[in-house]
Structures are given as C-alpha cells and as structure tokens.
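So that the names make sense, note that chain A is the first sequence line, chain B the second, and so on, each numbered from 1.
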Protein chains: 2
Amino acid sequence: MSLTNAEETLMQILWKKERAFMKDIIEAYPEPKPATTTIATLLKRMQDKDFVDYIQYGRSREYFPLVAKRDYFSKHVNGLIKNFFNNSATQFASFFTEETNLSKKELEALKKIINDQIKTK
Amino acid sequence: MSLTNAEETLMQILWKKERAFMKDIIEAYPEPKPATTTIATLLKRMQDKDFVDYIQYGRSREYFPLVAKRDYFSKHVNGLIKNFFNNSATQFASFFTEETNLSKKELEALKKIINDQIKTK
DNA sequence: TTTATTACTCTACATTTGTAGAATTAAAAA
DNA sequence: TTTTTAATTCTACAAATGTAGAGTAATAAA
C-alpha cells in the first residue's frame, strides 16, 4: 500500500528529522499548523501500513520511518516509468533530460555520473 | 487539479488511442471490465477538470485528451523532484541512474543524449 | 415500425482521505 | 500536591474517490 498526500507530507518530515516526537513534527509544519490529533491519526494510519514505528520514551513516543526515502522514491519512479514509458528507462531518461531544462553545468555533472556508472559495468 | 488513479488509468487509454468512443474505451480495459456508467462518470469528472473533451458524432461521442501525456508527465516528475530532492534535478538524475539499473548500452545511449543536449547550450 | 442495443445523465453508496473535537492520561510546572 | 500541558485514543464527519444501478433517449436491427 502507498501513502496518501497528507501522509507523504508527514513522511517527508520524518525522513528529514530521522526521528521525531509529536512536538517536533508539529513544529516542522508551516502555519496553519494541523491539530495534534490530526497528526496522531495520520501516524496511526502510517503505522498500520508499516511505514512508521516508534519507541516509547516515558509517556511519549519517538517516531521514525520504517521505509527509506530512497526505496520509497525508487518505487515511485519505477511506477512512473512503467506507466508512462511502457517500462523503458531509457525512454524515460531521454524525456527527463529534454524536459527538465538542466543547465550546461548540470548536464556535465550528469555526464560524469553516467561515465562512472559505465565504468562499473 | 490532478487526476485520481482511476482517472489516470483511463487517461492512459486515451493517450494511447488518441481518441476513442465509449466502446473502444471499455474494450481497452482488461477483465473484469468496468461498467459503462463507471467510465461515463470518470469521463465527466475529467471533463470538469479540463483533461478531456469530445466531439459529438450522431448520438455518441469521440473522446480525446486535452492534456498531452508529455506535459502531464512533466508536471509529475517536477513534483517528484521538488518533493524528494529539494528541487535539485541533478540530484534526481544521479539517483535515477544509480537506481534504475540501466544496462551499459542504455547508459551509453543516455550519454549520447546528454552530449547532444550539451551541444545546444 | 417495433424491438433491442448503446451511450449518456442522475443518483447513490461504500471506502478512503483529510481534519479535528472530546476524553483520558501522564508528566511537568507551580 | 494541585494544576496545567502535552500526547494519545476514540469518535466523527465532510469531501473525494471508485463503482455502478435506474432511467432516458436515440439509433440500429428485425
């Protein structure tokens, strides 16, 4: 199962903080801050989905992500590739470089990355 | 506004077919096929969102997408980049090449694309 | 022309999602 | 120790989403 928008927003906070108590989470939200019960509900749902767990410290909990951002994201991208480019990563890559308007500098950097990748094959 | 999952699935069909009558759409679905009223509802919602329009031919309609797959997808990717890589396309690209397990051949192809891109800058 | 078929609109309804109040509890502050 | 505050759970509820039946109209087939 996957995260809803509200859950994903919360997840971003957890990924950034690595672990956080309720108050840290609320603090991380911009105004208007959500009610703490709202966050509690989301956290519970995310626990049910096995995206989050916590350690009990005294009376409150330190929450942390069970899923690495990288992995979560990877599934995302692969889904996109599957859906929009009938599974061709190259097609996607080509689209990507054309579309995202990278600067010359960025393109050079990317080229370097690719070169390194090629060497490992 | 953006498409829901069910709508996006339908949209994929329209993108592929470019335009289609109700029966073509239903046909494109795998078993178990949705009820035609289900599709009608989705189409109407998509019209409200300005994602789809149609031409009336006699008593039925030929539907077509108002939004190019490319554009729709572009927003998607840019959203991902914004959300997961604090807006750094390079960071995303790097992640992408590492994660998607491209073959040497694909990497070479990608490198070529990038080279061409660089030349135009 | 009568009948069957198809597409469309309206309405409905269960589920999921976003959001939060009320009640409870425990810890922290006074 | 009494009071305040913060975190949690329960419950609720409106809006969005997925899905489709009933009714209607128009066309195609008989």
Side-chain angles (χ1 to χ4, degrees), chain A residues 1-14 17-67 72 75-76 79 83, chain B residues 1-14 17-67 72 75-76 79 83:
Chain A
M1 207 187 316
S2 163
L3 297 175
T4 69
N5 277 320
E7 288 165 356
E8 200 173 290
T9 300
L10 208 178
M11 202 64 180
Q12 293 284 355
I13 291 171
L14 289 182
K17 297 199 170 295
E18 304 197 16
R19 49 207 132 58
F21 291 94
M22 176 59 81
K23 70 167 165 40
D24 306 319
I25 294 173
I26 299 284
E27 194 179 74
Y29 274 88
E31 295 309 336
K33 297 193 186 293
T36 134
T37 50
T38 299
I39 300 305
T41 303
L42 292 178
L43 283 169
K44 171 146 311 183
R45 289 179 185 163
M46 290 159 84
Q47 285 159 46
D48 292 345
K49 293 181 182 176
D50 285 318
F51 273 93
V52 165
D53 203 356
Y54 61 84
I55 301 169
Q56 195 84 37
Y57 279 109
R59 90 298 32 175
S60 66
R61 302 167 174 183
E62 191 169 42
Y63 296 94
F64 57 86
L66 281 182
V67 175
Y72 181 77
K75 281 208 193 78
H76 246 263
N83 279 316
Chain B
M1 210 187 315
S2 165
L3 299 175
T4 69
N5 277 320
E7 289 166 354
E8 199 172 290
T9 301
L10 209 178
M11 201 65 179
Q12 294 283 355
I13 291 171
L14 289 183
K17 296 200 170 294
E18 303 198 14
R19 51 208 129 58
F21 290 94
M22 176 60 81
K23 70 168 166 40
D24 306 319
I25 293 172
I26 299 284
E27 197 180 73
Y29 274 89
E31 294 308 335
K33 296 192 187 293
T36 136
T37 50
T38 300
I39 300 304
T41 302
L42 292 178
L43 283 170
K44 170 146 312 182
R45 288 178 186 164
M46 289 158 87
Q47 286 158 45
D48 292 345
K49 292 181 182 177
D50 284 318
F51 273 93
V52 165
D53 203 356
Y54 61 84
I55 302 170
Q56 195 84 35
Y57 279 109
R59 90 282 58 154
S60 65
R61 302 167 174 181
E62 191 170 41
Y63 297 94
F64 57 87
L66 281 181
V67 175
Y72 181 78
K75 282 209 192 78
H76 246 263
N83 279 315

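- The stretch residues 18-25 of chain B touches DNA chain C through B/Met22, B/Lys23, each having a heavy atom under 4.0 angstrom from the strand.
- In this structure, B/Leu66 CG and B/Asp50 CG are separated by 6.5 Å, a value rounded to the nearest 0.5 Å.
- In this structure, the CZ atom of B/Arg45 is 15 Å from the C1' atom of C/dC8, given to the nearest Å.
- Rounded to an integer number of Å, the gap from A/Lys44 NZ to C/dT17 C1' is 17 Å.
- Residue A/Tyr57 is classed as having no contact, given no heavy-atom separation below 4.0 Å to the nucleic acid.
- Chain A approaches DNA chain D within less than 4.0 angstrom (heavy atoms of the protein), and the contacting nucleotides run 5' to 3' from D/dA7 to D/dT9.
- Residues satisfying the side chain to side chain contact (heavy atoms under 4.5 Å, CB included) test with B/Ala20, not counting sequence neighbours, are B/Leu14, B/Lys17, B/Asp24, B/Ile25.
- Across all strands shown, B/Arg61 has heavy atoms under 4.0 Å from sugar-phosphate atoms exclusively, and none from any base.
- At the heavy-atom level, A/Tyr54 lies nowhere under 4.0 Å from the strands shown.
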Can you check each nucleotide of nucleotides 20-30 of chain C against protein heavy atoms at under 4.0 Å and return B for base, S for sugar-phosphate only, - for none, in 5' to 3' order? BBB---SS---
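- For the pair B/Ile55 CD1 and C/dA7 P, the computed distance is 17 Å after rounding to whole Å.
- B/Lys49 pairs by the salt bridge (charged side-chain N to carboxylate O under 4.0 Å, His left out) definition with B/Glu7, not counting sequence neighbours.
- Residue pairs meeting the side-chain hydrogen bond (donor to acceptor under 3.5 Å, both in side chains) criterion with at least one member in residues 25-48 of chain A, sequence neighbours excluded, do not occur.
- Residues A/Tyr54 and A/Tyr63 share a closest heavy-atom pair of CB-CD2, 3.7 Å.
- Partners of B/Gln56 according to the side-chain hydrogen bond (donor to acceptor under 3.5 Å, both in side chains) rule, which considers only residues two or more places apart in sequence or in another chain, are B/Arg61.
- Once rounded to the nearest 0.5 Å, the distance linking CE of B/Met11 with CG of B/Leu43 reads 10.0 Å.
- The two residues B/Pro34 and B/Ile39 make their nearest non-hydrogen contact at CG-CD1, 3.6 Å.
- Here A/Ala6 lies in heavy-atom contact (under 4.0 Å) with sugar-phosphate atoms only.
- Atom CD of B/Glu7 and atom P of C/dT16 are 18 Å apart (whole Å).
- Put simply, the side chain of B/Phe21 reaches to within 4.5 Å of the side chain of B/Glu62, judged on heavy atoms.
- Here CG of B/Leu3 is found 9.5 Å from CG of B/Leu10. Values are rounded to the nearest 0.5 Å.
- Taking every heavy atom of both residues into account, B/Tyr72 and B/Glu8 meet most closely at OH-OE1, 2.8 Å.
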